[in-house]
Amino acid sequence: MAWQVRERAYAPYSRFQVGAVVVGKGGEVFAGCNVENLSYGLTNCAERVAVGAAVAAGVREIVTVVVVADTATPISPCGACRQVLAEFGEPEIWLVNRESRISFRLSELLPRASAGILESPP
Ligand code: THU
């Protein structure tokens, strides 16, 4: 599914296509691709697009994330996406390329993300 949605990436500026899938606590799956903009800083990464789809469908607890790209080494979510993911759980994150896959917990990629503030949300 992540490879499929990657085909829909809107990446005319970087030409770098990324696909992501997030899985909710109940097994719901949501896909996202990167969506670039001519004002480069407005680009949305595939991960955040997938998170948005989950939240729009009412799913707020994410247990698994898959990120795919056609690179020699599997890519890893950017800092902004790690922070956004931390809002909705502590998922296992699979980094996948054509040949291999490796997984990390979000807490390994972004230690202490929820310390303090997210422990007592409004
Ligand atoms: N990108 C993602 O969508 N996810 C990542 O994990 C890394 C980077 C996108 C942003 C931009 O459209 C392109 O890849 C190049 O950085």
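We count ligands from 1, going down the list as the structure has it; atoms in each ligand are counted the same way. Predicted, not measured: the structure shown is a model, and the values here were computed from it.
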Hits for salt bridge (Lys or Arg N to Asp or Glu O under 4.0 Å) against Arg8, two or more places apart or cross-chain, chain-then-number order -> none

With side chain to side chain contact (heavy atoms under 4.5 Å, CB included) as the test, pick out the partner of Val18 among Val68, Val67, Asp70, Val49. Val67

Side chains of Thr64 and Val22 in contact at under 4.5 Å (non-hydrogen atoms): no

Identify, chain by chain and in numerical order, each protein residue with a heavy atom under 4.0 Å from an atom of ligand 1. Ser14, Phe16, Val18, Asn34, Glu36, Thr43, Cys45, Ala46, Glu47, Ile75, Ser76, Pro77

What pairs of residues pass the side chain to side chain donor-acceptor pair (under 3.5 Å) test when at least one of them lies in residues 12-26, not counting sequence neighbours? Ser14-Glu36

Between the OG1 atom in Thr43 and the CG atom in Asn34, the distance rounded to the nearest 0.5 Å is 8.0 Å

Could you list the donor-acceptor pairs under 3.5 angstrom formed between side-chain atoms of residues 88-98 and any protein atom two or more places apart in sequence or on another chain?
from	atom 1	to	atom 2	distance (Å)
Glu90	OE2	Leu106	N	3.1
Glu90	OE2	Ser107	N	2.8
Glu90	OE2	Ser107	OG	3.3
Glu92	OE2	Ser103	OG	3.0
Asn97	OD1	Glu99	N	2.9
Asn97	OD1	Ser100	N	2.7
Asn97	OD1	Ser100	OG	3.0
Asn97	ND2	Thr71	O	3.0
Asn97	ND2	Ala72	O	3.0

